[in-house]
Amino acid sequence: MVQRIGILTGGGDCPGLNAAIRAATRRSLDRGYAVVAVRRGWRGLLDGECAPLGRQEISGILPRGGTIIGTSRTNPYKIEGGVERVLESFAREELTALVAIGGEDTLGVAARLFAEHAFPVVGVPKTIDNDLSATDYTFGFDTAVTVATEAIDRLHTTAESHNRVMVVEVMGRHTGWIAVMSGIAGGADVILIPEQPLTVEACCDEIRHRHERGKTFSIVVVSEGYELTYETGEKRAVAQDAAVDEFGHVRLGGVGSVLAAEIEERTGFETRVTVLGHVQRGGTPTPHDRVLATRYGLKAADLVHEKRFGTMAALQGDSIVDVPLAEAVAELKTVPPEWYEVAKAFFG
Ligand code: F6P
C-alpha cells in the first residue's frame with residue numbers, strides 16, 4: 001500500500017518549522033511515499049484542508065521563518081464532534097500516518113489521539129519556550145535566545161548612556177528558559193523567572209547594590225510568566241487578557257511595565273521597558289535551529305517508516321532518539337535550579 005503521510009504544524013509558530021517540514025518531506029518522498037500538508041494545525045483535519053507537498057513546495061524553505069503550511073491553536077477535544085471529524089478527514093484523505101510538529105498543546109492532542117484511537121502519529125518538538133519534557137531542546141528556542149541576547153546587547157549601550165535601568169520582557173510562558181539563557185548570554189544584572197520568583201524588593205536591592213559599586217545602569221530580564229512577588233508573600237500575576245484559549249492558556253504580557261514602575265518608584269532610578277514579543281518568534285532560524293529541526297524531521301520520517309507511532313523525535317545529549325509522546329507532554333520542563341544559580345552569580 002502506498003504510504004500517504006500528512007504533516008501539520010500547530011500552536012505558536014517558530015523559526016525552524018520549514019526546515020523540519022522540508023526534512024520530513026524529503027526523506028518520505030525519497031522512499032516513494034506521498035506527502036500531504038495538513039493546513040493550520042489540527043484545524044486542517046477538522047475542516048479537511050489538505051494539499052500535496054512535493055519537491056516544488058519545499059524548495060527554498062530551509063532558511064524561511066514561520067511555516068509554509070500555516071498553524072493555529074485549535075484543540076479538537078474542545079470542539080463538539082472534533083475528534084470524530086479529525087478521524088474522518090484522516091480517512092477521507094487516505095492518510096496512513098501523521099507527523100505532528102508542535103509543542104505541549106499540539107503534541108498533547110497527538111498523544112491523546114494515539115492513546116484513545118491508536119492514531120498513527122509521530123511528534124516533532126518545537127517551541128521557542130523550550131518547555132517540552134523528554135527532549136533536551138526544542139527547535140525555535142535558539143533563535144529566540146539569539147534575538148533576545150542581541151536586544152540585551154543593544155540595550156546595554158543606551159542604558160549606559162542615559163544611566164537608566166532597562167527592563168526587558170521576554171516570552172516563555174510559564175517557564176523561564178528564554179529569560180535565563182538570554183540573560184546569562186547578555187550579562188543581565190537581574191533575571192526574574194516563574195520557577196524562582198525572586199522578590200521585587202530583592203530585585204531592587206540588587207540594582208541598588210550595583211549602583212553603590214559605581215555602576216550607573218542596570219539590565220533586568222523578566223520572563224512574561226513571572227508573577228510579581230513581594231516580601232509579604234503577596235503575588236501579582238500580570239496578563240494581557242484573562243480569557244483562556246482552547247488549551248486553557250491566558251495571554252501573558254505586561255509584567256515588564258509593572259515591574260519597571262515598581263523599580264523606578266522603589267530605587268529612584270529612571271527605568272524603561274522593552275517588550276520583545278513576537279520578534280522572538282519571527283524571521284530566519286539560526287543555523288543551530290535549522291540543523292536541529294532538520295535532524296528531527298528526518299527522524300520523524302524514519303519513525304513513520306518504521307511504524308513507531310505514539311513516539312516523538314527528541315534530542316538527548318548529541319543524539320536524536322525517540323521517546324513516547326506521552327512522556328514528552330506529561331509535565332512542563334522547567335528551568336533547573338542549577339541553571340538559575342549560573343545566572344545569579346552575576347546579579348547585582
Ligand atoms: O508558546 C510560544 C509563545 O510565543 C509564548 O512564549 C507566548 O506566551 C505565546 O506563544 C504567545 O502566543 P500568541 O502568538 O498566541 O500571542
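Counting starts at 1 for both ligands and their atoms, in listed order.
Among residue pairs with one or both ends in residues 161-186, those qualifying as salt bridge (charged side-chain N to carboxylate O under 4.0 Å, His left out) are Arg164-Glu270; sequence neighbours excluded.
With Thr135 contributing its side chain and Thr138 its backbone, the two residues share no donor-acceptor pair below 3.5 Å. Between the Asp322 side chain and the Met312 main chain, no donor and acceptor come within less than 3.5 Å of each other.
In terms of the salt bridge (Lys or Arg N to Asp or Glu O under 4.0 Å) criterion, residue partners of Glu262 (sequence neighbours excluded) are, by chain and number, Arg266.
At least one N or O atom of Arg281, backbone or side chain, sits closer than 3.5 Å to an N or O atom of ligand 1.
The protein non-hydrogen atom at the shortest distance from atom 2 (C) of ligand 1 is Asp129 OD2, 3.3 Å. Looking from atom 16 (O) of ligand 1 to the surrounding protein, the closest heavy atom is His278 NE2, 3.1 Å.
Salt-bridge formation is not detected for the pair Arg85/Glu88: no Lys NZ or Arg NE/NH1/NH2 atom is positioned less than 4.0 Å from an Asp or Glu carboxylate oxygen. A salt bridge does not link Glu49 with Arg43: every distance from a Lys NZ or Arg NE/NH1/NH2 to an Asp or Glu carboxylate oxygen is 4.0 Å or more.
Close contacts of ligand 1 with Arg73, meaning ligand atoms under 4.0 Å from a residue heavy atom, involve 9 (C), 10 (O), 11 (C), 12 (O), 13 (P), 14 (O), 15 (O). Those atoms of ligand 1 that come under 4.0 Å of a heavy atom in Arg173, given as number and element, are 1 (O), 6 (O), 8 (O), 9 (C). Each of the following atoms of ligand 1 lies closer than 4.0 Å to a heavy atom of Gly172: 6 (O). Of all atoms in ligand 1, numbered sequentially from 1 with element shown, those under 4.0 Å from a heavy atom of Ile128 are 4 (O). Close contacts of ligand 1 with Glu224, meaning ligand atoms under 4.0 Å from a residue heavy atom, involve 5 (C), 6 (O), 7 (C), 8 (O).
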